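Comments concern the structure below.
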Amino acid sequence: FVTNSYHCWLQYRKIENANQYSDIPSSIGVAGNTAIIDSAARELQYALKSMLDVDSTVQPYTSNESSIVLGTYESVNLNNYGISPKLFDDLNEEGYLLKTTEDNRQVLLIGKTDRGALYAAFHFLRILQQEESLLGLEIVEAPKNQLRMMNQWDNMNGSIERGYSGKSIFFNGNDFSKDVTRIKDYARLLSSVGVNAISINNVNVWDVETKLLTEEFLPKVKEVANILRSYGITTYLSINYASPIELGNLPTADPLDKEVGKWWARKAEEIYSYIPDFGGFVVKADSEGRPGPFTYGRGHVEGANVLARALQPFNGKVVWRCFVYNCLQDWRDRKTDRARAAYDNFKPLDGRFLDNVILQIKNGPMDFQVREPISPLVGAMKETNQVVEFQIAQEYTGQQKDVCYLVPQWKEVLDFDTYSDGEGSTVKSIVDGSRYNYSHSGIAAVSNIGNDINWTGNTLAQANLYGFGRLTWNPDLSTETITNEWIQFTFGSDPTVAGAVEDILLQSWRTYENYTAPLGVGWMVNPDHHYGPNVEGYEYSKWGTYHFADRDGIGVDRTIETGTGYAGQYFGSNAERYNSLEDCPDELLLFFHHVPYSHKLHSGVTVIQHIYNTHFQGVEEVETFIKSWNELEGKVENWVFENVKERLQLQLENAKEWRDRINTYFYRKSGIADEKNRTIY
Ligand code: GCW
């Protein structure tokens, strides 16, 4: 492959101490002839040249030569290496064995299937990139999650909903992009961290995108699917629920209408005639004004099942989003609580969806705020496949101007104990399918890339994409492991650089939280574009996102006794903890309780003093980021240095703006002075 774009963590930097790899075989023996094996071989070839200046050859596998063996447990002669085929019995389709023989003449990259072999190749390259020893390796791995999915919010006019890194790499001018180079490089990036599925268009499906399902565009979807498939990635499309009307000229899209059912079945057949391994549909229905079964007097079960029935003969799936809430709320109405909506809408439907339907649930009950509790719907449906949805795109977390490394947040989500099946019912044990034996489950995320040269606007935001993939592959990886891998592959192993970048990344989520909305209350952003502070920006709007600050106090009463009852949607001790003013964790206090400004937190300070302290502190932390970044001048590539430097400056301005607006607002409301007498305007 030829690439014009920046490689992110696939730069394959030159290895300083190349001696230790002097006996690395320079021939790649390929057992199997598939597009995926071919991708793996070429990746190895490219990387070996780049890292070690080795010119390797790719040839058909023979068992007696020194080589890097690339194949599957069926295509490689396991006997030769004393490997029992049994080893592969328990491995899922994407698992692999990575082994070096004792004489180090063979590096074996053997997948259960060709996809496994590709993942083994990327794993092998990670070991080299980390300059670790190859001697006597024997690694058996398989992904923990079945569906590891990326959702593009790309529109065909080239724009990206909530995109902060330029235009779409998939589309422009209401058509597919002519140049597929970046799609291919994106596929490499995704596959290298284990992502195996992607929906290529925005979940809000407008007029042109509705036609992706027609003969006008299906040949092009097919071309893209071919590229993605060669990296083990399955293609999905987001669909318009009203397609039977808009494309089929039917009078209705009622899921119980016979003609509608037939239309979807024929449509599925047509799609699969182009793309035999098409993944299925992602559906945003009855959400934020998009059509759905409610439009026709039906519910989610009927709505999703008609699609599931159409896709079922081809093994396709329906990924049905649970982001369903009343977005025409009246702020005067204190009973309606948006946080309750997903659970209230879907929980009663448990067990009624067909087996190829997967419900996709945002990690929090509101909408990707810097701090939210975990959605109580996760784990609450034991007989319904579930996927949890993260947002890598930093819509509410600084829009890739501000640094906000989200891996620590996602770790908290995945490690959260829902108690849905007793102690230990962590989110990760639910979405990996093991807890309730889901037939399909996993993790999805909204992508943060665009056609910016560095893919993600702020170069440091690449770490979120990298980290998401690694975590979905294995949620047990530690934040430190993931972070250090990304840093080393991106910046090399200079300890000064590594230390500074690591400190910034690991602190950044807390810092962002410090200078924005306090104690889990969320929002306080400018309406529509969602960047920068506006304390009452959403306070009297229809979106259901209120903080209820007045002169006496702040926060949303979601308790069972006096509030919206949301706290009662959790299982057992979680419900008790959140419901109780005494036990509720500080960081979520205002999500669950309305309290006076003088309320004392567990940390020992009052709510108002906490607001002042964290807002001053947040700005100081950004100043520290700037200071430590500036010391890296000359130690990282110049354009990367400049890019992050510029972003940090924007972040500082943003943080100051937040600090002053929030502090001033609450000082004026409460009339309580800052104990430390700092400047509040
Ligand atoms: O938070 C909202 C975003 C919308 C988005 C929606 C969703 C794609 O502001 O831009 O629409 O979430 O997740 O469907």
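For ligands, and for the atoms within them, numbers begin at 1 and follow the listed sequence. From a predicted model like this one, the values you see are computed outputs, not experimental measurements.
Scanning all protein heavy atoms for the shortest distance to atom 6 (C) of ligand 1 gives Glu288 OE1, 3.3 Å. Scanning the protein for heavy atoms near atom 1 (O) of ligand 1, the closest one is Asp367 OD2, 2.0 Å.
When the options Glu395, Gln369, Lys362 are ranked by their closest heavy atom to atom 12 (O) of ligand 1, first place goes to Lys362. Here atom 4 (C) of ligand 1 lies nearest to Glu161 when heavy atoms of Gln391, Glu161, Gln360 are compared.
Ring centroid separation for the pair His615 and Tyr515 does not come in under the 6.0 Å cut-off.
A donor-acceptor pair under 3.5 Å is formed between the side chain of Glu302 and the backbone N or O of Gly299. No donor-acceptor distance shorter than 3.5 angstrom exists from the side chain of Lys284 to the backbone of Arg290, with no hydrogens or angles considered. Side chain of Glu539 to backbone of His547: a donor-acceptor contact under 3.5 angstrom is found.
The shortest N or O to N or O distance between Trp153 and ligand 1 is not below 3.5 Å. Below 3.5 Å of separation, one finds an N or O of Asn204 facing an N or O of ligand 1. For Lys284, a nitrogen or oxygen atom sits less than 3.5 Å from a nitrogen or oxygen atom of ligand 1, counting backbone and side chain alike.
Remark: Asp333 CG is packed, more than 12 non-hydrogen atoms of other residues, nucleotides or ligands lying under 6.0 Å away.
A cation-pi contact links Arg558 to Phe591, judged by a cut-off of 6.0 Å to the six-membered ring centre and 45° from its axis.
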